[in-house]
Amino acid sequence: MRTSRTRTRTEAHFRPGPGRLLPPLLAGAATAVAGTGAVLALLDTASPLRAPFTLFFLLAAPAMTIGAALRGLDPYGRALTALAGAIAVDMLVAQTMLATHRWSVRGGVAVVAVLSLLPLLVMPLRGRIPGKHTQK
């Protein structure tokens, strides 16, 4: 009987070869594209890249936040759930802004940015809330 050995995350991270640096490079490029899209939308710049980069920001920012909160899932389930959650967040923001007659592209991008950054700022503080006993 043959036993298979699964590699841990640290072993996969330190594997030799040319493809080792590809995931961090892609993550950096995605962050740059999303940030550029947010800046182009907030500054109301007339650029042909404004629409696709802003759409990428509107999908990537909430998806990154939701994906960071779902660390226990397998990668494909996590990506699918994060993308579906990002679409739901964008639709809820748009519906709320339309219902209150406050719709604007800048406002939508700003609200999605705040909703995406707020949980990422609060997540490291989860274990350090006064009055809660954490196990060490």
Engineer: How many angstroms lie between atom CG of Asp90 and atom CD of Gln95, to the nearest 0.5 angstrom?
Structural biologist: 12.5 Å
Engineer: OG1/Thr96 to CH2/Trp103 distance, rounded to the nearest 0.5 angstrom?
Structural biologist: 11.0 Å
Engineer: Just by distance, do the side chain of Thr45 and the backbone of Ser47 share a donor-acceptor pair under 3.5 Å?
Structural biologist: no
Engineer: Please say yes or no: joined through hydrophobic side-chain contacts below 4.5 Å, possibly via intermediate residues, are Met97 and Leu42 part of one cluster?
Structural biologist: yes
Engineer: Quick one: does any side-chain atom of Thr65 pair with a main-chain N or O of Ala61 as donor and acceptor, under 3.5 Å?
Structural biologist: yes
Engineer: Give, for atom CG of Leu70 and atom OG1 of Thr81, the distance between the pair rounded to the nearest 0.5 Å.
Structural biologist: 6.0 Å
Engineer: Kindly work out whether a path of hydrophobic side-chain contacts (I/L/V/M/F/W/Y, heavy atoms less than 4.5 Å apart) joins Phe57 to Val114.
Structural biologist: no
Engineer: Whether the side chain of Arg78 engages the backbone of Gly67 through a donor-acceptor N/O pair (distance < 3.5 Å, no angle test) should be reported.
Structural biologist: yes
Engineer: Does Leu115 reach the side chain of Pro62, with side-chain heavy atoms less than 4.5 Å apart?
Structural biologist: no
Engineer: Write down the atom of Ala63, the atom of Leu59, and the distance for their closest heavy-atom approach.
Structural biologist: CB-O, 3.1 Å
Engineer: Rounded to the nearest 0.5 Å, what's the gap from CG on Leu40 to CG on Leu49? Could you check?
Structural biologist: 7.0 Å
Engineer: Which atoms form the tightest heavy-atom contact between Asp44 and Arg50, and what is the distance?
Structural biologist: OD1-NH1, 2.9 Å
Engineer: Supply the atom-to-atom distance Leu58 CG to Ser116 OG, rounded to the nearest 0.5 angstrom.
Structural biologist: 9.0 Å
Engineer: Compare every heavy atom of Gly107 with every heavy atom of Ser104, then report the nearest pair and how far apart it is.
Structural biologist: OG-N, 2.9 Å
Engineer: Given 3.5 Å as the limit, does a donor-acceptor pair link the side chain of Thr54 with the main chain of Ala51, or not?
Structural biologist: no
Engineer: Which pair of non-hydrogen atoms, one from Ala41 and one from Val109, has the smallest distance, and what is that distance?
Structural biologist: CB-CG2, 3.8 Å
Engineer: Applying a strict under-4.5 Å side-chain criterion to I, L, V, M, F, W and Y, I'd like to know whether Leu73 and Ile66 cluster together.
Structural biologist: yes
Engineer: Rounded to the nearest 0.5 Å, how far does CG of Leu83 lie from CD1 of Ile87?
Structural biologist: 4.5 Å
Engineer: Going hydrophobic residue to hydrophobic residue with side-chain gaps under 4.5 angstrom, can you get from Val93 over to Leu98?
Structural biologist: yes
